[in-house]
Amino acid sequence: MKILVLSDSHSALRFMYSCMDAVKPDAVVHLGDHYDDAEVLAEENRHLIVHQVPGNCDRGRCRLHTPQILDYPVGGVRLYMTHGHLHHVKSGIGGLLADARRSSAQAVLYGHTHRADCHQEQDGLWVLNPGSCGSFGGTAGIIETDGQKITACYLIGQKELEEML
């Protein structure tokens, strides 16, 4: 299964649409800032389940009590999904990693910083910040799964999208 991970679209949908065309994901995760962008994506791709959390810029863009954190399996692997502002990720990700480990997540997904990052911790926890799909040419993340295992986790940008199309 291929999971497309997006964040911080800020109403700039062009890169999101390019990702959908090139990646042809089985599932999509949108990590906030602008929540309604993911709703548009879900409406236009009814065959996909779109998992989404609100970001710090989403007040008034989603229901008042929309969960800020999602923590459940997607594509057979347990994902801890949040925008990141509640974990103060601009100051460090230690608290975020601790919460993800407590939930037994195989990967922690966050945004907010607009800085793409993908790495695996020594204990095997994948850490993915897809950066911003709404600025600077855009970046996104991809998680590939097989059964209950993450087989690949990586970042893509405009150059990779052009090669995929």
Side-chain angles (χ1 to χ4, degrees), residues 3-20 23 25 27-42 48-75 77-121 123-143 150 152-158 160-161:
I3 304 164
L4 175 63
V5 184
L6 304 165
S7 189
D8 297 277
S9 49
H10 296 283
S11 295
L13 304 179
R14 195 169 117 209
F15 185 79
M16 280 186 12
Y17 287 136
S18 295
C19 286
M20 293 296 293
V23 174
V28 175
V29 174
H30 188 282
L31 300 169
D33 283 359
H34 286 184
Y35 190 91
D36 47 343
D37 294 346
E39 290 179 334
V40 168
L41 206 61
L48 289 177
I49 296 176
V50 177
H51 309 270
Q52 62 188 109
V53 294
N56 59 298
C57 295
D58 287 323
R59 186 169 295 154
R61 293 180 180 273
C62 59
R63 291 183 326 274
L64 182 60
H65 298 292
T66 300
Q68 302 279 316
I69 296 168
L70 299 177
D71 178 14
Y72 53 70
V74 176
V77 299
R78 187 167 194 88
L79 302 179
Y80 188 92
M81 301 165 273
T82 187
H83 182 64
H85 62 295
L86 299 177
H87 286 89
H88 309 288
V89 296
K90 288 185 179 181
S91 299
I93 62 171
L96 175 64
L97 297 182
D99 285 352
R101 287 182 174 111
R102 273 192 288 280
S103 80
S104 299
Q106 291 164 271
V108 57
L109 314 179
Y110 73 102
H112 189 52
T113 66
H114 292 213
R115 289 188 308 267
D117 178 39
C118 180
H119 70 275
Q120 191 171 26
E121 295 282 302
D123 63 359
L125 177 67
W126 279 99
V127 179
L128 175 61
N129 180 333
S132 173
C133 65
S135 61
F136 310 113
T139 55
I142 297 181
I143 299 173
I150 295 174
C153 186
Y154 53 95
L155 297 166
I156 59 172
Q158 190 63 45
E160 291 80 10
L161 281 183

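All values below were derived from every heavy atom in this structure, side-chain atoms included, with hydrogens, water molecules and symmetry-related copies excluded. We number each residue from 1, following the sequence as shown.
- When only modelled atom types and interatomic distance are considered, H30 and S7 share no side-chain donor-acceptor pair under 3.5 Å.
- Closest approach of L48 to A27, counting heavy atoms only: CD2-N, 4.0 Å.
- Side-chain atoms of S18 come within 3.5 Å of backbone atoms of R14 as a donor-acceptor pair (strictly under, hydrogens ignored).
- Put simply, the residue from I143, I49, L109 that forms a side chain to side chain contact (heavy atoms under 4.5 Å, CB included) with V29 is L109.
- The two residues P54 and C62 make their nearest non-hydrogen contact at CB-SG, 3.7 Å.
- For the pair G131 and N129, the tightest heavy-atom approach, listed with the atom from each and the gap, is N-OD1, 2.8 Å.
- Residues L79 and L70 fail the side-chain proximity criterion, which asks for heavy atoms closer than 4.5 Å.
- Side-chain contact check for I156 versus T139: every heavy-atom pair is 4.5 Å or farther apart.
- Taken from CD1 in I69 to CG in D99, the straight-line distance is 6.5 Å, to the nearest 0.5 Å.
- One distance of note links OH of Y80 with CG of D71; it measures 6.5 Å at 0.5 Å rounding.
- Atoms CG and SG, on L128 and C118 in that order, are 5.0 Å from each other to the nearest 0.5 Å.
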What's the verdict on side-chain contact (heavy atoms from CB on, under 4.5 Å) for V28 and H51, showing C-alpha distance, side-chain angles and the deciding distance?
CA-CA 6 Å; V28 175; H51 309 270; over 6 Å; no
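- In this structure, a donor-acceptor pair under 3.5 Å is present between the side chains of D37 and S9.
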Using side-chain contact (heavy atoms from CB on, under 4.5 Å), reason through L41 and L6 one step at a time and then give a plain yes or no.
CA-CA 11 Å; L41 206 61; L6 304 165; 4.0 Å; yes
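- By the 4.5 Å heavy-atom criterion applied to side chains, W126 and V108 are not counted as neighbours.
- Contact between G141 and P130 at its shortest, heavy atoms only, is N-CB, 3.5 Å.
- Between R101 and E121, at least one side-chain nitrogen of the basic residue sits less than 4.0 Å from a carboxylate oxygen of the acidic one, meeting the salt-bridge criterion.
- Side-chain contact check for Y110 versus V53: every heavy-atom pair is 4.5 Å or farther apart.
- Taken from OH in Y35 to SG in C57, the straight-line distance is 15.5 Å, to the nearest 0.5 Å.
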Check step by step if side-chain contact (heavy atoms from CB on, under 4.5 Å) holds for L97 and L125.
CA-CA 9 Å; L97 297 182; L125 177 67; 4.0 Å; yes
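- Residue R61 comes nearest to S11 through the heavy atom pair NH1-OG, 4.3 Å, listed as atom of the first residue, atom of the second, then distance.
- L31 places a side-chain heavy atom less than 4.5 Å from the side chain of M81.
- The OG atom of S104 sits 7.0 Å away from the CZ atom of R78 when rounded to the nearest 0.5 Å.
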Show the numbers, then the answer: is there a side-chain contact (heavy atoms from CB on, under 4.5 Å) between M20 and L4?
CA-CA 8 Å; M20 293 296 293; L4 175 63; 3.8 Å; yes
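- Residue D8 holds its CG atom at 7.5 Å from SG of C133, rounded to the nearest 0.5 Å.
- The closest side-chain donor-acceptor pair between H112 and H83 falls under 3.5 angstrom.
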